[in-house]
**Student:** 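Structure in structure tokens, see below.
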Protein chains: 4
Amino acid sequence: MILQATQDLLLERGYYDTSMGEIAQRVGVAKGTLYQHFESKEALMIVLFKREFHDLQVAIEQIAHMQVGAQEKMTLMIDTLCYHIAEKHPLFFILRNASDLQAEIHYEIKETFNGMREQIALMLDEGKAEGIFNACLPTEVMLEALFGIIVSRLFKNFHEGLQVQYGDLVGHLRCIYFHGISAPTTTDESKLCP
Amino acid sequence: MILQATQDLLLERGYYDTSMGEIAQRVGVAKGTLYQHFESKEALMIVLFKREFHDLQVAIEQIAHMQVGAQEKMTLMIDTLCYHIAEKHPLFFILRNASDLQAEIHYEIKETFNGMREQIALMLDEGKAEGIFNACLPTEVMLEALFGIIVSRLFKNFHEGLQVQYGDLVGHLRCIYFHGISAPTTTDESKLCP
Amino acid sequence: MILQATQDLLLERGYYDTSMGEIAQRVGVAKGTLYQHFESKEALMIVLFKREFHDLQVAIEQIAHMQVGAQEKMTLMIDTLCYHIAEKHPLFFILRNASDLQAEIHYEIKETFNGMREQIALMLDEGKAEGIFNACLPTEVMLEALFGIIVSRLFKNFHEGLQVQYGDLVGHLRCIYFHGISAPTTTDESKLCP
Amino acid sequence: MILQATQDLLLERGYYDTSMGEIAQRVGVAKGTLYQHFESKEALMIVLFKREFHDLQVAIEQIAHMQVGAQEKMTLMIDTLCYHIAEKHPLFFILRNASDLQAEIHYEIKETFNGMREQIALMLDEGKAEGIFNACLPTEVMLEALFGIIVSRLFKNFHEGLQVQYGDLVGHLRCIYFHGISAPTTTDESKLCP
DNA sequence: CATGAATGAGTCTTCATTCAT
DNA sequence: AATGAATGAAGACTCATTCAT
């Protein structure tokens, strides 16, 4: 499958060092065949990223519609994100990292991406309403911090001999994030709004 | 100045979409002039990144040698990082993101970079020893979380109409990170090691 | 054919003044096409020279294995060399001349070239053993003299209005070379070893 | 001296790998200074070659005006040529070899060169008149054979461990050439005109 | 539909030459 | 006269894209 080969190559070499020729060679077809399926390199990437994010998008939507507290939703959220980023979709890392990716690609992905952001933003707002997340923190900042922590180099290096176990790593990140955004206790004034 | 123009272009277009021709054009000189000052595109980038990180490196070293507690050191650390990243050195963002940057560049920067990482790791370990940071979290994870949170897209978008004030943003990020990594209180068992 | 156009251009302008662009233009294709057939300019030249010398190499080998005297072998040798140099392979002239040709090219051709030199050296040694060539002359000197005389500018100018006929020219060169290296007669002491 | 440095560089690297920058650096002046003395790279080369050949030209003229037989003249001629080529003027080799040298250079040198050729041609004609050189050989062919033999790779390799002594080498080349062009004896019919 | 040779704009880099100081 | 930074045309090479078979 073209998309799979592209993904592999993307992870091995990065966007700019992956040529259409290499993709074709890897798939075992001619370059022309690629262009019969995808209008351009950009189009191929867009389809690839969209497909890759689709599962995640669905999972997030399911979580968003669950009838549980924000805390639990976000816990599932983080686990899901970690799962997709670490195990199945290291492309997430590329997408976030590749400030180089052509603007067109980012533009096309944005819609999908913004949908996910909004769903998570809602969860965070729910948490604030429930009083369990720190209402002083702007949701956007919390959101960015989430991605900052989760889309971590650690997952990229995961298979390259990191001594931490996957489950523990997820636990640590969840721990840091949750305590980072949790509402202040009565004895903790450092979290009050400025 | 060549370096300034290069930096601007790098932020606008990314490494691979910034050609020596464009840089020259932006500076207002001929391509050949660039090569009189920098042996190659790679060399130019290396000089650029090294220069940009030098101030930060010095600042971090000063903080590391202060005779104050880990909490205070890390507070200064975060402020310094934010200052350099947001105001002076958006290249930090590119460097962290550009997994595509040619290997040679990463190799050259690595030394500088690893020096900074080690200094911060020591601070975090001091904090663990003092009992104020969560000893259950591997230092490496804490370190990566710090960069994840601080080297934020938010700073990149800062001048593009983010409604949060700079001071507040730094405060929020500091807040999230510190609560994320702080040692568990007696009543909080969620931070205990797995 | 690319090789033919390259050869023509090489003869007109020399190696360094023949650009891939010009070759492409001469052939009537785009630069990229050249690179689809030859990995680099050097590779193109190597293929060109090797192809050109192949016939000559084969011819020389055939002569070397003939069951005739050294005199006859060398006669055929000279005729063959002249034929290839004058009519079919003016590249011989370039190769001998272009001290500027990149080292890689010379390196690649050397094997072929040395093979030819050795075969001819053996013929000359046979001639010395037969007593028909002057044993006082080092074989290497005889060899170099052969190439010096035969790989002549005269062949290069041949089609440019030299008044001598091809057959005569070959005859003259053969005459000079043979009398130059022939063994001394009893009455001729000027050829004795110093 | 600029010319000396240029000559050295030319011999080390060849024409196309010698840049004006390198010449300037070797001399210890700025590039601009070079252009104050020589209008262009070509002009520099022309002056260089002309200067280098001047001594040879003078020597040849002296020989030409001597009141001795052609045989003796040509003997001196060969010794002189060898001396200049081997010891003092390996540039001769470059000039003859560098079919790459820009046309302009060849054009400018030609005059000097043709002067020398003519003088030698006259000697050869004298020899034919005296009956000691083979009248069947066109003078032009004899001339070209002379240069072919003398401007030999052997002199280039001379300092690189050739086992033949300089004096012997000159002797051998002289031997080959003289016997090659000498007039036929009564018993030798192979030299008769076709 | 598949192919892959052909395309050509674009990239980095070099170097002879100029010119303000 | 000397300098050397600046110039820009030119060269080798790459690669996304097209199109005739």
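Note: hydrogens, waters and symmetry copies are ignored here, and every other heavy atom, side chains too, is used. Fair warning: this is a prediction, and the values are worked out from it, not measured in the lab. Order of the sequence lines fixes the chain letters, A, B, ..., with proteins taken first and strands second; residue numbering starts at 1 for each chain.
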**Student:** Rounded to whole Å, how long is the line connecting atom CD of B:Q25 with atom P of F:dT7?
**Tutor:**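 The distance from CD of B:Q25 to P of F:dT7 comes to 13 Å, rounded to the nearest Å.
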**Student:** Can you check the A:Y15 OH to F:dC15 P distance for me, whole Å?
**Tutor:**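 From A:Y15 OH to F:dC15 P: 13 Å.
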**Student:** What residues form a salt bridge (Lys or Arg N to Asp or Glu O under 4.0 Å) with D:R26, not counting sequence neighbours?
**Tutor:**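 Here the qualifying residues are D:E12.
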**Student:** Name the stems with DNA chain F in them: runs of three or more consecutive Watson-Crick or G-U pairs, distances under 3.5 Å?
**Tutor:**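 The stems that DNA chain F takes part in, listed by first number, are E:2-21 with F:2-21.
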**Student:** Report the distance from atom CD1 of D:I105 to atom C1' of E:dA16, rounded to the nearest whole Å.
**Tutor:**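 For the pair D:I105 CD1 and E:dA16 C1', the rounded distance is 13 Å.
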**Student:** Specify the separation, in whole Å, of atom CD1 of D:I2 and atom C1' of F:dT3.
**Tutor:**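 Rounded to whole Å, this separation is 14 Å.
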**Student:** Among all residues two or more places apart in sequence or in another chain, which pass the side chain to side chain donor-acceptor pair (under 3.5 Å) test with B:E108?
**Tutor:**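 Testing B:E108 for side chain to side chain donor-acceptor pair (under 3.5 Å), a comparison that skips the adjacent residues, returns B:K50.
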**Student:** Taking the side chain as everything from C-beta on, heavy atoms only, tell me whether D:Q7 gets closer than 4.5 Å to D:L3.
**Tutor:**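 Not touching, per the 4.5 Å side-chain cut-off.
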**Student:** Return the 5'-most residue of the pair B:G21, C:G28 with respect to DNA chain E, ranking by each residue's nearest nucleotide.
**Tutor:**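 The residue mapped nearer the 5' terminus is C:G28.
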**Student:** Compare the minimum distances between each of F:dA16, E:dA16, E:dT11 and the side chain of A:M20, then state the nucleotide with the smallest one.
**Tutor:**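 Minimum distance to the A:M20 side chain belongs to F:dA16.
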**Student:** Does any non-hydrogen side-chain atom of D:L9 lie less than 4.5 Å from one of D:D17?
**Tutor:**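 A side-chain contact is absent here, since even the closest heavy-atom pair is not under 4.5 Å.
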**Student:** Distance check needed: F:dG11 P versus D:D17 CG, whole Å only.
**Tutor:**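 Answer to the nearest Å: 16 Å.
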**Student:** When the distance from CD1 of C:I23 to P of F:dC13 is rounded to whole Å, what number comes out?
**Tutor:**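 Those two atoms, CD1 and P, are 11 Å apart.
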**Student:** Taking side chain as C-beta onward, heavy atoms only, is C:H54 less than 4.5 Å from C:R51?
**Tutor:**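 Side chain of C:H54 against side chain of C:R51, heavy atoms only: no contact under 4.5 Å found.
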**Student:** Please give, in whole Å, the distance from E:dG10 C1' to B:Y16 OH?
**Tutor:**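 Value for this atom pair: 16 Å.
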**Student:** Sequence neighbours excluded and cut-off under 3.5 Å, please list the side-chain donor-acceptor pairs for residues 30-39 of chain D, or say none.
**Tutor:**
unit_1: D:T33; atom_1: OG1; unit_2: D:A30; atom_2: O; d: 3.4

**Student:** Any non-hydrogen side-chain atom of D:T112 less than 4.5 Å from a side-chain atom of D:F49?
**Tutor:**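 A side-chain contact under 4.5 Å is absent here.
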**Student:** Just so I know, are the side chains of C:M45 and C:T6 near enough to count as touching, which here means a heavy-atom distance under 4.5 Å?
**Tutor:**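 Yes, at least one pair of side-chain atoms sits under 4.5 Å.
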**Student:** With B:D55, which residues qualify under salt bridge (Lys or Arg N to Asp or Glu O under 4.0 Å), at least two apart?
**Tutor:**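 If we apply the salt bridge (Lys or Arg N to Asp or Glu O under 4.0 Å) test to B:D55, skipping adjacent residues, the hits are B:K88.
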**Student:** Please work out which residues in residues 29-47 of chain B have a non-hydrogen atom less than 4.0 Å from an atom of DNA chain F and list them by number.
**Tutor:**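 Close to the strand are B:V29, B:A30, B:K31, B:G32, B:T33, B:Q36, B:H37.
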